[in-house]
Novice: 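First, the structure itself, so that you have it in front of you.
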Protein chains: 2
Amino acid sequence: MSQPLNIDKLDLQIISEMSTDASISYAELGKKLFVSGGTIHVRIKKLHEMGVIKGTRLQVNLRAIGYDVLAFIGIYLEKSSLYENVAKQLLKIPQIVRLNYTTGSYSMFAEIICKDSGELRKILQDDLQHIKGIERTETIISLEESFSRPINVSEVV
Amino acid sequence: MSQPLNIDKLDLQIISEMSTDASISYAELGKKLFVSGGTIHVRIKKLHEMGVIKGTRLQVNLRAIGYDVLAFIGIYLEKSSLYENVAKQLLKIPQIVRLNYTTGSYSMFAEIICKDSGELRKILQDDLQHIKGIERTETIISLEESFSRPINVSEVV
DNA sequence: ATTGAAAGAGTCTCAGT
DNA sequence: ACTGAGACTCTTTCAAT
């Protein structure tokens, strides 16, 4: 596999380092990668402009702020062509944090974060049942997250 | 639902703002929330120490760095008690970026990011087949990510 | 494309409230 | 617990290479 864009080893090293900790300073990152802080700055600016880097997100302990339930919802559609409209409806439910159009066991696959199981049940029964195009859903509840990590990009070089 | 810890409205507002953009400055965030930058600083430090905030992660356009395939793998275990060992084995596969212990259609649920479908096939055939305790797997390939966003925390207040 | 230095902006601490 | 000010560090720009 070749990189489709002008991304070199240094870019990937920057992405790799910041994937696990985006708050590292340019100065420190430069020291780590044996270039100046100015170079790091230029590269990150370029990667932003190219759309390779989309931004930074806070990693939050969801349980600590009262969100106890993480679940996945496999969605079967009546017709694949209803995908766009169903996606639009699911976007309106703030607890649904991620949606993929999939092939395999399901037509669509969603991730949902709720305060408790009651909230999840309410969304499954009240909201999802009324979305035109959804045939049926299967709910997969996470009892424990074993791990969650960024892709290890270093080997690409 | 009550917050189990000492987290007030300001804390949640900070988390909410930084969930979508963790790179906002304390000064700007303070202006937005009508407190001083120093207060923002103290709060974020507290949230870190409490383990509410776990860190920041770069959001990367995976296709741009040569990762074309995102898939989910539903895993059926021979016995639930094999969970710990299977998790340990899956952790060794760098392309698997997330693993949950689940109830519902599967015993475990993984997320995997590969450079191409060949790499995915190789992992499914060579690596997963040889892990003791896995009965069978079901692969769900993402054709498109409709959306991915942080949980909307503001309403918790 | 990278560097080093200067200017500007932000962080972090702390005394005062 | 919050503020504002001072010391310090980091970002950002730019002339030179």
Side-chain angles (χ1 to χ4, degrees), chain A residues 1-61 64-66 150 153-157, chain B residues 1-61 64-66 150 153-157:
Chain A
M1 274 304 296
S2 62
Q3 258 67 53
L5 301 159
N6 283 337
I7 298 174
D8 69 4
K9 182 174 173 171
L10 180 60
D11 293 324
L12 288 171
Q13 285 175 313
I14 291 168
I15 290 169
S16 177
E17 289 292 336
M18 294 184 71
S19 288
T20 42
D21 178 16
S23 69
I24 189 172
S25 75
Y26 295 180
E28 195 183 344
L29 191 47
K31 214 182 295 175
K32 223 168 176 175
L33 302 177
F34 306 106
V35 292
S36 72
T39 298
I40 300 289
H41 178 247
V42 169
R43 294 301 191 102
I44 288 178
K45 203 178 153 211
K46 182 196 74 177
L47 291 167
H48 251 110
E49 283 162 1
M50 288 168 81
V52 176
I53 287 174
K54 292 187 284 185
T56 55
R57 273 196 198 169
L58 206 64
Q59 292 299 108
V60 180
N61 180 342
I65 57 168
V153 124
S154 57
E155 40 176 292
V156 188
V157 188
Chain B
M1 275 303 296
S2 64
Q3 259 68 50
L5 300 160
N6 282 337
I7 297 174
D8 69 4
K9 182 173 173 171
L10 179 59
D11 293 324
L12 288 171
Q13 285 175 313
I14 291 168
I15 290 168
S16 178
E17 290 291 337
M18 294 184 71
S19 288
T20 44
D21 178 16
S23 69
I24 189 171
S25 75
Y26 295 180
E28 194 184 345
L29 191 48
K31 214 183 293 174
K32 222 168 176 175
L33 302 177
F34 307 105
V35 291
S36 72
T39 298
I40 299 290
H41 178 246
V42 169
R43 293 302 189 104
I44 287 177
K45 202 177 154 211
K46 181 197 74 174
L47 290 168
H48 251 110
E49 282 162 0
M50 288 169 80
V52 176
I53 287 174
K54 292 186 285 182
T56 55
R57 271 196 198 169
L58 205 63
Q59 292 299 108
V60 180
N61 179 342
I65 57 168
V153 125
S154 55
E155 41 178 290
V156 187
V157 188

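Bear in mind that the values here come from a model prediction, so they are computed numbers and not experimental data. Below, each value reflects all heavy atoms present in this structure, side chains not excepted, and no hydrogens, waters or symmetry copies.
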Novice: If you check the V35(B) side chain, which of dT3(D), dT11(D), dC12(C) turns out closest?
Specialist: dT3(D)
Novice: Please determine, for the side chain of Y26(B), which listed nucleotide (dT2(C), dT11(D), dC12(C)) has the closest atom?
Specialist: dC12(C)
Novice: I need the NZ-C1' distance between K9(A) and dT2(C), as an integer number of Å.
Specialist: 17 Å
Novice: In whole angstroms, how far is the C1' atom of dC2(D) from the NZ atom of K45(B)?
Specialist: 15 Å
Novice: With rounding to the nearest 0.5 angstrom, report the NZ to CD1 distance, K32(B) to I40(B).
Specialist: 11.0 Å
Novice: How many whole angstroms separate atom CD of E28(A) from atom P of dT9(D)?
Specialist: 13 Å
Novice: Side chain of A27(A) only, please: which of dT3(D), dT11(D), dG10(C) is the nearest?
Specialist: dT11(D)
Novice: Quick check on dC12(C): is either OP1 or OP2 less than 4.0 Å from any side-chain nitrogen or oxygen of H41(B)?
Specialist: yes
Novice: Can you measure M18(B) atom CE to dT11(C) atom P for me and round it to whole angstrom units?
Specialist: 9 Å
Novice: Figure out the NZ/P separation between K32(B) and dG10(C), and round it to whole Å.
Specialist: 14 Å
Novice: Write down the distance between CG (D11(B)) and C1' (dA1(D)), rounded to a whole number of angstrom.
Specialist: 12 Å
Novice: Looking at dA1(C), dC10(D), dT3(D), which one has an atom nearest to any side-chain atom of R43(A)?
Specialist: dA1(C)
Novice: Using the rule given for side chain to side chain contact (heavy atoms under 4.5 Å, CB included), can you reason through L29(B) versus M18(B), listing the C-alpha separation, both sets of side-chain angles and the distance that settles it, and then say yes or no?
Specialist: CA-CA 9 Å; L29(B) 191 48; M18(B) 294 184 71; 4.0 Å; yes
Novice: Specify the separation, in whole Å, of atom NE2 of H48(B) and atom P of dC12(C).
Specialist: 11 Å
Novice: Quick one: closest heavy-atom pair of K54(A) and H48(A), and the distance?
Specialist: C-NE2, 4.5 Å
Novice: Take R43(A) and I53(A) through the side chain to side chain contact (heavy atoms under 4.5 Å, CB included) test and state the conclusion after the steps.
Specialist: CA-CA 11 Å; R43(A) 294 301 191 102; I53(A) 287 174; over 6 Å; no
Novice: Between dC12(C) atom P and K46(B) atom NZ, what is the distance in whole Å?
Specialist: 17 Å
Novice: Could you please name the option among dT2(C), dT13(C), dC2(D) that lies closest to any side-chain atom of T39(A)?
Specialist: dT2(C)
Novice: When you get a sec, tell me which of dG10(C), dT3(D), dC2(D) is the closest nucleotide to the side chain of S25(B)?
Specialist: dG10(C)
Novice: Kindly indicate whether the side chain of S19(B), heavy atoms from C-beta on, has any atom under 4.5 Å from the side chain of I15(B).
Specialist: yes
